[in-house]
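Here is the structure we will look at.
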Amino acid sequence: MLVTLEGIDGTGKSTLLDALREKLADLDPVFTREPGATWVGEAVRRAVAEQLDPVTEATLFVADHAAHLATVVRPALTNKKLVISDRYSDSRFAYQSVTLEGTIPDPEGWLRAMHNGWSIVPDKTFLLAIPVDDSLARLEGKTGREHFERREILEKVQDRYLAFARAEPGRFVVVDALLEKEEIAGFVADAIRLTLRSSRSRRRP
Ligand code: TYD
């Protein structure tokens, strides 16, 4: 089963992941992330840091996704593992549909078409949502901030994420990222266990 965590920068995704590692240890999940751990992931980080043009950046993010699927996600799912990915395709649909505005006529359609037919759709996606002011306050003082981490961008990115959640209410769970860390982690861990149980019972004849 594939679970993804999404949200704008500064929502506390990393804190949540640390807690999930502990809370779900008995399930022995594969924790992974995009941009990934291969050299393609490094290329993406470099393109983002150097602010290459948005099409180069977007296609590198997609290349990184392909490498991530091939080296981590597909093999783990084949082995019936629970895979938990820190960011995944919805990050592209949310962030790059904003960065490609004005460059490509229908950025979201273009991005989705690039994934259609070969990518794997997550079983569950937890979207951490937070007022952009709070996200920016949390990012304050962080070194090496990406060019996405600006109010104009993050507001649009979060609006897109929320629109995706409305369009696919069965897959998305929107989580209030202002709640206590422990409360969020407990809720998400329980929800993952529940989803795992129901997907296993669905698979049984
Ligand atoms: P991430 O490594 O999660 O950020 P950090 O570790 O600095 O918190 O992601 C790097 C940035 O890349 C983040 O701002 C979100 C962005 N991103 C995209 O724009 N598109 C994508 O497809 C992905 C996976 C990330």
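These numbers come from the heavy atoms of this one structure, side chains and all, not from hydrogens, waters or symmetry mates. By convention here, the first residue in the shown sequence is residue 1. Counting convention: from 1, in listed order, for ligands and their atoms alike.
Salt bridge annotation for R45-E146: absent, with no cationic side-chain nitrogen under 4.0 angstrom from a carboxylate oxygen.
Nearest protein neighbour of atom 8 (O) of ligand 1, counting heavy atoms only, is K142 NZ, 4.0 Å. Nearest non-hydrogen protein atom to atom 16 (C) of ligand 1 is F148 CE1, 3.6 Å. Here the protein heavy atom with the shortest distance to atom 20 (N) of ligand 1 is Q96 OE1, 2.7 Å.
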Sequence neighbours excluded and cut-off under 3.5 Å, please list the side-chain donor-acceptor pairs for residues 11-21, or say none.
unit_1 : atom_1 : unit_2 : atom_2 : d
T11    : OG1    : I8     : O      : 3.1
K13    : NZ     : D86    : OD1    : 2.5

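Counting only heavy atoms from C-beta outward, the side chains of R74 and I120 approach each other to under 4.5 Å.
Of all the listed residues (Y95, Y88, F93, F61), F61 holds the heavy atom that lies closest to atom 23 (C) of ligand 1. Compare R87, H68, R92, R145 by their heavy atoms: the one nearest to atom 9 (O) of ligand 1 is in R87.
Ring geometry, H65 versus H115: the interplanar angle falls from 30° to 60°, so the pair is classed tilted. Using the six-membered ring where Trp is involved, F148 and F61 have ring planes that are tilted, between 30° and 60° apart. Using a 30° and 60° split on the angle between ring planes, F164 and F172 fall in the tilted class, from 30° to 60°.
Listed by chain and number, the residues in a side-chain hydrogen bond (donor to acceptor under 3.5 Å, both in side chains) with D64 amount to none (sequence neighbours excluded).
Numbered from 1 in the order shown, with element, the atoms of ligand 1 that lie under 4.0 Å from a heavy atom of D9 read 13 (C), 14 (O). Interface atoms of ligand 1 facing R33, defined by a heavy-atom separation under 4.0 Å, are 1 (P), 2 (O), 3 (O), 6 (O). Ligand 1 places these atoms under 4.0 Å from at least one heavy atom of E34: 24 (C). Heavy-atom proximity to E146, at under 4.0 Å, picks out these atoms of ligand 1: 7 (O), 10 (C), 11 (C), 14 (O).
Considering backbone and side-chain atoms together, E149 places no N or O closer than 3.5 Å to any N or O of ligand 1.
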